[in-house]
Peer 1: 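Please find one structure pasted underneath; my questions will follow.
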Amino acid sequence: GNGMAGMGCVDQILKYAPRFEITVFGDETHVNYNRVLLSSVLAGEKSADDIVIHSKEWYQRNGIHLHVGVRVEDVDAQRKTVTGNDGRVTSYDLLLLATGSSAWFPPVSGLDKDGVFAFRTLDDTRELLRRAGPRTRAVVIGGGLLGLEAARGLQVRGCEVTVVHLLDTLMERQLDPCGGAYLRAKIEQLGVRVLLGRSTKAILGADTVSGVKFSDGSRID
């Protein structure tokens, strides 16, 4: 794992150098960046370079063997080796697992269509930026903090944005119904449409997404 947690740990490990020879595998093709700030990149407030935490020079300066774009597919705890999807087998004395999380997708059909994205990685953000614009209609499923940040970023880029949320309150983990209603009013003042109490049933379209269907039979393009 080459993310914030793993490299934050490596920052501390380096204080004990040269006791350690460090090898890092990351399935993303980038150096370590601040994932929390991806919404700022989407909104145009920061560039991809602005959110880099550790540059290539940092890895080189500290003698870290970095393998980006390589997913570890097997760990042999008896032989103490890890095997990457490039066929590389690397031995270890100590193994640190810092693989982070994966984006959760709702159990609906059509998620494999072109135009359906998670919002978690720099590659996700770059592809959203490539497709965003005044003629693009975007639906964001999820009215939590990340969903609202994604919606605002797309709206700033000129998209016509609708936020779809399963519950009756936006950000229900942080806000009571009164606070959620206040937030909804503010979001809608920014020009983002909000649909509450909507359960998404299917992503519509042939090979490319064309709409979203809800459990009550209604749909939006």
Side-chain angles (χ1 to χ4, degrees), residues 1-12 14 24-62 64 66-71 98-105 114-165 170-171 173-175 179-180 182-194 209:
N2 187 38
M4 296 170 67
M7 293 309 96
C9 186
V10 168
D11 269 328
Q12 301 304 312
L14 288 172
V24 175
F25 292 90
D27 64 350
E28 290 189 65
T29 57
H30 317 290
V31 293
N32 180 29
Y33 61 89
N34 190 333
R35 198 181 304 279
V36 177
L37 295 177
L38 286 174
S39 55
S40 297
V41 176
L42 185 59
E45 298 167 356
K46 294 183 181 295
S47 69
D49 290 339
D50 292 334
I51 67 171
V52 169
I53 299 176
H54 297 105
S55 66
K56 289 182 179 179
E57 290 73 23
W58 177 82
Y59 294 89
Q60 294 168 353
R61 186 168 62 251
N62 289 288
I64 297 171
L66 175 64
H67 305 292
V68 294
V70 179
R71 175 183 290 271
T99 53
S101 60
S102 299
W104 180 84
F105 287 90
D114 181 46
V116 179
F117 299 94
F119 180 45
R120 184 179 178 276
T121 69
L122 185 56
D123 286 336
D124 295 333
T125 306
R126 285 173 169 164
E127 187 62 19
L128 289 170
L129 287 171
R130 188 180 71 83
R131 298 187 182 219
R135 293 184 298 276
T136 300
R137 290 172 293 184
V139 175
V140 177
I141 299 175
L145 179 59
L146 185 60
L148 295 178
E149 288 183 339
R152 177 57 173 167
L154 290 168
Q155 194 251 350
V156 167
R157 296 288 180 172
C159 296
E160 178 186 323
V161 183
T162 301
V163 172
V164 176
H165 195 48
L170 291 175
M171 289 181 59
R173 294 186 179 183
Q174 293 87 7
L175 302 176
Y182 180 83
L183 176 61
R184 177 183 183 177
K186 290 297 183 180
I187 294 294
E188 290 180 331
Q189 285 177 16
L190 294 173
V192 176
R193 183 186 182 194
V194 178
V209 60

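Keep in mind that what you see is a predicted model, and the values were worked out from it rather than measured.
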Peer 1: Considering non-hydrogen atoms only, spot the tightest contact between Met7 and Asn32 and give its length.
Peer 2: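 Looking at all heavy atoms of both residues, the shortest contact is CB-ND2, 3.2 Å.
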Peer 1: Would you indicate whether the side-chain heavy atoms of Val192 and Gln155 approach each other to under 4.5 Å?
Peer 2: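 Gln155 reaches Val192 side chain to side chain.
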Peer 1: Are the side chain of Arg193 and the backbone of Val161 linked by a donor-acceptor contact shorter than 3.5 Å?
Peer 2: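 Side chain of Arg193 to backbone of Val161, a donor-acceptor pair under 3.5 Å: no, none is there.
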Peer 1: What's the shortest heavy-atom distance between Arg157 and Ala43, and which atoms?
Peer 2: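 Heavy atoms only, the tightest pair is NH2-C, 3.9 Å.
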Peer 1: Going by heavy atoms in the side chains, are His67 and Val24 under 4.5 Å from each other?
Peer 2: no
Peer 1: For a 4.5 angstrom cut-off between non-hydrogen side-chain atoms, does Leu122 reach Leu38?
Peer 2: yes
Peer 1: How close do His165 and Gly142 get, heavy atom to heavy atom, and via which atoms?
Peer 2: ND1-C, 3.9 Å
Peer 1: Assess the side chains of Asn2 and Tyr59: does a donor N or O sit below 3.5 Å from an acceptor N or O?
Peer 2: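 Yes, a side-chain donor-acceptor pair sits under 3.5 Å.
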Peer 1: Using atom types as modelled and distance alone, determine if a side-chain donor or acceptor of Asn62 lies under 3.5 Å from a backbone N or O of Trp58.
Peer 2: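 Yes; at least one donor-acceptor contact below 3.5 Å.
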Peer 1: Scan Asp49, Ile51, Val41 and name whichever one has a side chain to side chain contact (heavy atoms under 4.5 Å, CB included) with Tyr33.
Peer 2: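 Considering Asp49, Ile51, Val41, a side chain to side chain contact (heavy atoms under 4.5 Å, CB included) with Tyr33 is found only for Ile51.
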Peer 1: Once you round to the nearest 0.5 Å, how far does CG of Leu170 lie from CG of Leu183?
Peer 2: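 If I round to the nearest 0.5 Å, the distance is 5.0 Å.
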Peer 1: Looking only at non-hydrogen atoms, find the nearest pair between Val163 and Gly143 and report the distance.
Peer 2: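 Answer, listing the atom of Val163 first, then Gly143: CG1-CA, 4.0 Å.
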Peer 1: What are the two closest non-hydrogen atoms of Glu28 and Val68, and how far apart are they?
Peer 2: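 Minimum heavy-atom contact is O-CB, 3.5 Å.
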Peer 1: A side-chain contact here means heavy atoms from C-beta on lying under 4.5 Å apart; do Leu154 and Leu42 qualify?
Peer 2: yes
Peer 1: Within this structure, what is the CZ-CZ distance for the pair Arg131 and Phe117, rounded to the nearest 0.5 Å?
Peer 2: 4.0 Å
Peer 1: Judged by atom type as modelled, is there a donor-acceptor pair below 3.5 Å linking the side chain of Arg120 to the main-chain atoms of Ser101?
Peer 2: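 Checked: pair present.
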Peer 1: Where is the tightest heavy-atom contact between Ser39 and Glu149, given as atom of each residue plus distance?
Peer 2: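 The answer is OG-OE1, 3.2 Å.
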Peer 1: Say you draw a straight line from OG1 of Thr121 to CD of Glu127; how long is it, rounded to the nearest 0.5 Å?
Peer 2: 10.5 Å
Peer 1: Kindly compute the distance separating CD (Gln60) from NZ (Lys56), expressed to the nearest 0.5 Å.
Peer 2: 8.0 Å
Peer 1: How many angstroms lie between OG in Ser40 and CZ in Arg152, if you round to the nearest 0.5 Å?
Peer 2: 12.0 Å
Peer 1: Should Val209 and Asp114 be marked as a side-chain contact (heavy atoms from CB on, under 4.5 Å) after you check the CA-CA gap, both sets of side-chain angles, and the distance that decides it?
Peer 2: CA-CA 6 Å; Val209 60; Asp114 181 46; over 6 Å; no
Peer 1: With a 3.5 Å cut-off and no angle check, do the side chains of Asp123 and His30 form a donor-acceptor pair?
Peer 2: yes
Peer 1: Please answer whether the main-chain N or O of Val36 pairs with a side-chain N or O of Asn34 as donor and acceptor at a distance below 3.5 Å.
Peer 2: yes
Peer 1: For Glu160, does its backbone N or O pair with a side-chain atom of Thr136 as donor and acceptor, under 3.5 Å?
Peer 2: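 Answer holds: no.
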Peer 1: Would you compute the distance between atom CZ of Arg184 and atom CG of Leu148 and round it to the nearest 0.5 angstrom?
Peer 2: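 That separation rounds to 12.0 Å.
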